[in-house]
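Remarks on the structure that follows.
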Number of protein chains: 2
Amino acid sequence: MDNKYEALRLCNQLCFPLYAASKEIIRRYKPVLDELELTYTQYITMMVMWEHGSMSVKDMGKVLYLDSGTLTPVLKKLEQKGFITRKRDSADERVLVVTVTDEGMALRDRALDVPAKIACTLELSPEEAIMLAGILRKIIGEQED
Amino acid sequence: MDNKYEALRLCNQLCFPLYAASKEIIRRYKPVLDELELTYTQYITMMVMWEHGSMSVKDMGKVLYLDSGTLTPVLKKLEQKGFITRKRDSADERVLVVTVTDEGMALRDRALDVPAKIACTLELSPEEAIMLAGILRKIIGEQED
DNA sequence: CTCGATTAAATTGCGTGCAATTTAATCTCG
DNA sequence: CGAGATTAAATTGCACGCAATTTAATCGAG
C-alpha cells in the first residue's frame, strides 16, 4: 500500500542513511584515534594543520564547515595538548592564527596508518568509493579543496 | 608530489565528505522543520512513530542507531510537546513503551511535504540517489542487523 | 578624522551523541 | 525458591554543532 505517507517512510529517505553512515564511520575512527588521544573533530583539525601549517580560525572554519563556536574549544584543547599554538595576527588583531608545533608535526607520523585502518573496514570497491565521493561533493556544494 | 602523507590529505578521504554532507543535509532540514517546531532528531523519531505507532525505547534505538542516553531526553521533549506518550510495559516494567498520540498523528499531515522540500534542494539524478542509498546501506550495515 | 558598519573570535545556551555507570526489573540455574 | 547474571532505561559527564549574542578591532563614507 503506497499511500500519501509513503515519502515519509524512513527507509525511503537518503538523509537518514547519510546521517547514520556518517556516525558509523566516526564510530569506527574512535578506537583508532583513541591511540592518538584525539577525537574525530580534533583529528580532522590536525589534518588541516598538517597540510597547511598555519591558518586563521576563519579559514579553518571554511575548510571544515565549522564555526568559531565549535572550533574555539577544539583549538584550545589542541593547544593544551601542545600540538598547535594560537596567536593573534599582529597585522590584524581580530584574526587568530593557528600554527602547528613540532610536536604536532610529530603526531603526523603516528597518524600515518589511520586512513588505511579505516579504509579496510569499509569494503567498498574503488568504483563505489569514487562514485560516493562524487555524489557527496555534489551535496556539500561545489568548490572543495 | 605524492609523498607518504598523501593518504592523510582531507580531500582523499571519504569520511570527511560523508560527515560534511550529513551536516549539510541536516542544515537544509532546519528551516523546513522549524515550521513544525521539530529538531532533526525529533523528526526522525516521529517518522518511526508514524510508521509503527508504538515501540519500546530499545527497539527505537535499533531503528535509529541511538542509545537511551540520546533518546531519553528526545522522547521526554516529544512527550512534553504532546506528540507521544511514555508508559512502562505492565508485562515487563523495565520496558518503556512510546506511543504516538492523536496530536502526533495530526503532525504527520503537516509534515507531508518535508521530503519533497528537501529532495528538491539536492539536485541528484535518480540513478545517483539509488547508487548513494546502496553504498550508504553497505557502510551502515557492514557489521550489524 | 570620526562614527557607524563590518568583521573575527569568543561566549552562551540548547540539543544531540555516546561511553560509563546506576537503578530497577526480570531471568536463570542450582 | 533465591542469589547472581542479565536486561532496559535513566543518569552523568564530556565533546561537539550551531544559532545568537557579545567583544574587540578594523574599515569606510562623509
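Reminder, nothing fancy here: chain letters follow the sequence lines and each chain counts from 1.
- In this structure, Lys58(A) reaches the dA8(C) phosphate: one of its side-chain N or O atoms is under 4.0 Å from OP1 or OP2.
- Contact annotation: the side chain of Leu33(A) never approaches that of Thr39(A) to less than 4.5 Å [non-hydrogen atoms, C-beta and beyond].
- The distance between atom CG of Leu66(A) and atom C1' of dA15(D), rounded to the nearest whole Å, is 13 Å.
- Take the nearest nucleotide of DNA chain D for Ala91(A) and for Asp67(A): the residue whose nucleotide is more 5' is Asp67(A).
- Residues Ile44(B) and Tyr19(A) meet the side-chain proximity criterion, which asks for heavy atoms closer than 4.5 Å.
- Rounded to an integer number of Å, the gap from Glu93(A) CD to dA10(C) P is 12 Å.
- Within 4.0 Å of Ser68(B), counting heavy atoms only, lies at least one base atom of the nucleic acid.
- Between Lys62(B) and dA8(D) there is no side-chain N or O to OP1 or OP2 distance below 4.0 Å.
- If you take OH of Tyr43(A) and C1' of dA15(D), they are 19 Å apart, rounded to a whole angstrom.
- Rounded to an integer number of Å, the gap from CG of Leu38(B) to C1' of dT16(C) is 15 Å.
- Between Leu38(B) and Leu107(B), the closest side-chain pair of non-hydrogen atoms falls below 4.5 Å.
- When rounded to the nearest whole Å, the span between CG of Asp34(B) and P of dG15(C) equals 13 Å.
- We find that Glu35(B) and Arg110(B) are not joined by a salt bridge, their nearest charged nitrogen and carboxylate oxygen being 4.0 Å or further apart.
- Along DNA chain C, the nucleotide nearest Pro73(A) and the nucleotide nearest Asp89(B) are compared for position; the residue whose nucleotide lies closer to the 5' end is Pro73(A).
- Nucleic acid contact class of Asp92(B) (heavy atoms, under 4.0 Å, all strands): sugar-phosphate only.
- The side chain of Arg27(A) approaches dC18(C) more closely than any other nucleotide in the set dT11(C), dA10(D), dC18(C).
- OP1 or OP2 of dC18(D) has not a single side-chain nitrogen or oxygen of Tyr65(A) nearer than 4.0 Å.
- The separation between Ile26(B) atom CD1 and dG15(C) atom P is 16 Å, rounded to whole Å.
- Note on Thr41(A): a side-chain N or O is less than 4.0 Å away from OP1 or OP2 of dG17(D).
- Contact annotation for Thr70(B): base contact, defined as any heavy-atom pair under 4.0 Å involving a base atom.
- The CZ-P distance, from Arg94(B) to dA10(D), rounds to 14 Å in whole Å.
- Side-chain contact check for Glu128(A) versus Lys138(B): some heavy-atom pair is nearer than 4.5 Å.
- Computed from coordinates, the Leu75(B) CG to dA10(D) C1' distance equals 12 Å when rounded to whole Å.
- Checking dA10(D), dA9(C), dC16(D) against every side-chain atom of Leu96(B), the shortest atom distance belongs to dA10(D).
- The side chain of Tyr40(A) contributes no N or O atom lying less than 4.0 Å from OP1 or OP2 of dA15(D).
- A salt bridge does not link Lys76(A) with Glu79(A): none of the charged nitrogens is closer than 4.0 Å to a carboxylate oxygen.
- Residue Arg86(B) places at least one side-chain N or O closer than 4.0 Å to OP1 or OP2 of dA10(D).
- Mapping Thr39(B) and Lys30(A) onto DNA chain C by nearest heavy atom places Thr39(B) at the nucleotide closer to the 5' end.
- For Val74(A), taking side-chain heavy atoms from C-beta onward, the closest of the listed nucleotides dC16(D), dT16(C), dA9(C) is dC16(D).
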